[in-house]
Student: 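Just dropping this structure here.
Just so we're on the same page: letters track the sequence lines, and every chain starts at 1.
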Amino acid sequence: MISPFHITAKDPNSKARAGKLYTKHGVVNTPVFMPVATQGSVKALNDDDLRNVGVECLLSNTYHLYLRPGTELLKKMGGLHNFMKWDRSILTDSGGFQVHSLSHLRKITEEGVWFKSHHDGSKHFFTPENVLDYEQAIGSDIWTCLDVLMPNTAHKTDLRKALEITKRWAERARKHYDTLVPQQKITAHKDGSFKVDNNLFFGIIQGSIYADLRADAAKHMASLDTHGFCIGGLSVGETLEEMNTAVEAVVPHLPEEKPRYLMGLGTPIEMLHCIERGVDMFDCVWPTRVARNGQVMTSEGKFNIKNTQFRTEDKPLDPNCDCFVCQKYSRAYLSHLYRAGELTSHRLISIHNIRFLTRTMELAREHIKNGTYMAFKEEMCAKYK
RNA sequence: GGUUGGGUGGCUGAGCGGUCAAAAGCAACGGUCUGUAAAACCGUCGGGCGUGCCCUACAUAGGUUCGAAUCCUAUCCCAACCA
């Protein structure tokens, strides 16, 4: 399949590249950070907030939307885009992460996975096929396939077994995609842009922290002819070195012209390391969850607005930030809002944190174009410890 | 003025003779957070050091007792009701 992805620049000193991924809902400039809207909402924010900080793609979640409000309702409401009034791109997680995070409520079989709803205990069965059906009902631009994510502390034998299931599920999902989207409606233009009229399909590469498993998974996924690749099973407690090793094992086996998306990342430093190794897309709850707990990400490093010193500081969260929160409000005011339990503090800090990451991605793209990516990365890593 | 019930750590509030440096919650102080079961969670929270002990503490001052936040007396406050 043609991937509607156009690489616009490559860094001469690393595997970093800048590009444009086209979807039914517009262009996503890569490297990209996608905030997480699990239940059809980036917590504390609405669609305008997200557009204003330069978000081009959101991640949402099939498992959560399937349980509530239900994929039938979403279909009736014209899909998630119309439901939440978000007119840019959406990528959906298959629910594979919930196979992991809600593992005490599930049972994996060759056919699929039995889940107990975390809301009411009701039983549900997910298969690689019906998950794609649900993603179609949701109407997301990029569909991911059902996978099995294991803790990387698991025994390698079990990890290999889980990977084999993930591979077979990917094959089934890939086949099912062809029945849901029998004809590709992707037109390539001369200038490198694309017109896209169908939903895209990304496979997920597992294999934990083991280079051999990762390489095997990557080769297999490359053979399935998808629009792009997810690297899953990372950012679950492994070290930065282990993560780098896993990425380095995967990337050489993936076709250059298709996007690579590392699921669940992350902190600015981790993303910069992955970009250097050829990753294009990221998502993470980090900036928003941490914001609701008071942590602020800035160009000078992180701090927590809960700490005493910020009660009286009459300066913006980040003097180098262009978000409206930093243009208008003092640290003292945000400290007050947080202490007073005012919900606005969650919104304002979330907006700032997301802007910090989208801005970091903008800078990364510029530096890739200028061939100065590695210097930029080193400088950021030194500042952001 | 009288009657009754009270005064406990920054606050609210348990305890009502030893196991009490005193439950719990809040506030405060610090930390954690990675395809969100999170406006969550975890520490610390009288002082000192040799970390086990010592010192200072349950309105104030006396007293009873081997031992008192807990019982008695007086004083000072507070609340409700009655004059």
Student: Taking atom P in both B:U56 and B:G52, what distance in whole Å separates the two?
Tutor: 22 Å
Student: Please classify the nucleic acid contact of A:R311 as base, sugar-phosphate, or nothing, using heavy-atom distances under 4.0 Å.
Tutor: sugar-phosphate
Student: Looking at A:F126 versus A:Y66, is the centre-to-centre ring distance below 6.0 Å?
Tutor: yes
Student: Answer with base, sugar-phosphate or nothing: what part of the nucleic acid does A:D283 contact at a heavy-atom distance below 4.0 Å?
Tutor: sugar-phosphate
Student: Is it true that the side chains of A:S89 and A:H25 contain a donor and an acceptor less than 3.5 Å apart?
Tutor: no
Student: Starting at the 5' end of RNA chain B, which residue's closest nucleotide do you reach first, A:H346 or A:V290?
Tutor: A:V290
Student: If only side-chain N and O atoms count, and only distance matters, is there a donor-acceptor pair under 3.5 Å linking A:H176 with A:D133?
Tutor: yes
Student: Could you tell me the separation between the NZ atom of A:K302 and the P atom of B:U34, rounded to a whole number of Å?
Tutor: 12 Å
Student: Classify the nucleic acid contact of A:G341 as base, sugar-phosphate or nothing, counting any heavy atom under 4.0 Å across all strands shown.
Tutor: nothing
Student: Round to the nearest Å and state the distance from A:F310 atom CZ to B:G31 atom C1'.
Tutor: 14 Å
Student: Quantified in whole Å, what is the P atom distance between nucleotide B:A28 and nucleotide B:C49?
Tutor: 28 Å
Student: Scan every strand shown for a Watson-Crick or G-U wobble partner of B:A80, both distances under 3.5 Å, and answer none if you come up empty.
Tutor: B:U3
Student: For A:M297 and B:U32, what is the distance between atoms CE and P respectively, to the nearest whole Å?
Tutor: 13 Å
Student: Between A:H352 (side chain) and A:M297 (backbone), is there a donor-acceptor pair under 3.5 Å?
Tutor: yes
Student: Verify whether one side chain among A:R355 and A:T358 offers a donor that lies under 3.5 Å from an acceptor in the other.
Tutor: yes
Student: Under a 3.5 Å cut-off for both distances, is B:G67 Watson-Crick or wobble paired, and to whom?
Tutor: none
Student: Report the base-pairing partner of B:G10 (Watson-Crick or G-U wobble, both distances below 3.5 angstrom), or none.
Tutor: B:C26
Student: Please state how far atom CD1 in A:I231 lies from atom P in B:U34, giving the value in whole angstrom units.
Tutor: 19 Å
Student: Which of residues 259-278 of chain A have a heavy atom under 4.0 Å from RNA chain B?
Tutor: A:M263, A:G264, A:L265, A:G266, A:E270
Student: With P as the reference atom in both, quote the distance from B:A59 to B:U12 in angstrom, rounded to an integer.
Tutor: 14 Å
Student: Can you tell me the Watson-Crick or wobble partner of B:U75, both distances under 3.5 angstrom?
Tutor: B:A59
Student: Give A:E238 one of three labels, base, sugar-phosphate or nothing, depending on what nucleic acid heavy atoms sit under 4.0 Å from its own.
Tutor: nothing
Student: Considering every strand shown, what is the Watson-Crick or G-U wobble mate of B:C41 when both distances are under 3.5 Å?
Tutor: B:G31
Student: Pick the C1' atom in B:G47 and in B:A57, then give their distance to the nearest Å.
Tutor: 11 Å
Student: Please work out if A:T144 contacts a base, only the sugar-phosphate, or nothing of the nucleic acid, heavy-atom cut-off 4.0 Å.
Tutor: nothing
Student: Roughly how far apart, to the nearest Å, are B:U19 and B:A69 at atom P?
Tutor: 9 Å
Student: Looking at every strand, decide which applies to A:H64 at a 4.0 Å heavy-atom threshold: base, sugar-phosphate, or nothing.
Tutor: sugar-phosphate
Student: What is the separation between atom OH on A:Y63 and atom C1' on B:G35, rounded to the nearest whole Å?
Tutor: 15 Å
Student: Can you check the distance between B:U70 and B:C58, where both ends of the measurement are the C1' atom (answer in whole Å)?
Tutor: 10 Å
Student: Testing the 3.5 Å rule here: is there a donor-acceptor pair between the side chains of A:Q206 and A:T166?
Tutor: no
Student: Less than 6.0 Å separating the ring centroids of A:Y329 and A:H336?
Tutor: no
Student: Any donor-acceptor pair under 3.5 Å linking the side-chain atoms of A:Q136 with those of A:N199?
Tutor: no
Student: Using the C1' atom as the reference point in each nucleotide, state the distance between B:C26 and B:C77 in Å, no decimals.
Tutor: 26 Å
Student: Kindly say whether, by distance alone, the side chain of A:N61 makes a donor-acceptor pair under 3.5 Å with the base of B:G35?
Tutor: no
Student: Just by distance, no angles: are the side chains of A:T157 and A:H155 close enough, under 3.5 Å, to form a donor-acceptor pair?
Tutor: yes
Student: When both hydrogen-bonding distances must be under 3.5 Å and the geometry is Watson-Crick or G-U wobble, what is B:G50 paired with, if anything?
Tutor: none
Student: Searching all strands shown, indicate the nucleotide that pairs with B:G17 (Watson-Crick or G-U wobble; both distances under 3.5 Å).
Tutor: none
Student: If only side-chain N and O atoms count, and only distance matters, is there a donor-acceptor pair under 3.5 Å linking A:E270 with A:T267?
Tutor: yes
Student: Specify the separation, in whole Å, of atom NZ of A:K306 and atom P of B:C26.
Tutor: 14 Å
Student: Nearest whole angstrom, please: distance from the C1' of B:G31 to the CD1 of A:I305.
Tutor: 16 Å
Student: Taking the C1' atom in each of B:C72 and B:A24, what is the distance between them to the nearest angstrom?
Tutor: 31 Å
Student: Can you tell me which nucleotide in B:G35, B:C33, B:A28 comes closest to the side chain of A:R339?
Tutor: B:A28
Student: Side chains of A:N61 and A:Q98: any donor to acceptor distance under 3.5 Å?
Tutor: yes
Student: Please tell me if A:N304 has a side-chain N or O lying less than 4.0 Å from either OP1 or OP2 of B:U32.
Tutor: no
Student: Of the residues in residues 96-118 of chain A, which ones touch RNA chain B at a heavy-atom distance under 4.0 Å?
Tutor: A:F97, A:Q98, A:S101, A:L102, A:H104, A:H118
Student: Considering only heavy atoms and no angle criterion, is a donor-acceptor pair shorter than 3.5 Å present between the side chain of A:R289 and the base of B:A38?
Tutor: yes
Student: Identify, between A:T308 and A:Q206, the residue whose nearest nucleotide on RNA chain B lies closer to the 5' end.
Tutor: A:T308
Student: Answer yes when A:E171 and A:R168 have at least one side-chain N-carboxylate O distance shorter than 4.0 Å, and no when they do not.
Tutor: no
Student: Minimum heavy-atom separation for A:G96 to A:D93, with atom names?
Tutor: N-OD2, 4.0 Å
Student: Is the shortest side-chain N/O distance from A:T38 to OP1 or OP2 of B:U36 below 4.0 Å?
Tutor: yes
Student: Return the value, rounded to whole Å, for the distance between atom CZ of A:R292 and atom C1' of B:U34.
Tutor: 13 Å
Student: Of all the choices, B:G35, B:U36, B:G31, which nucleotide is nearest to the side chain of A:K43 once you look at every atom?
Tutor: B:U36
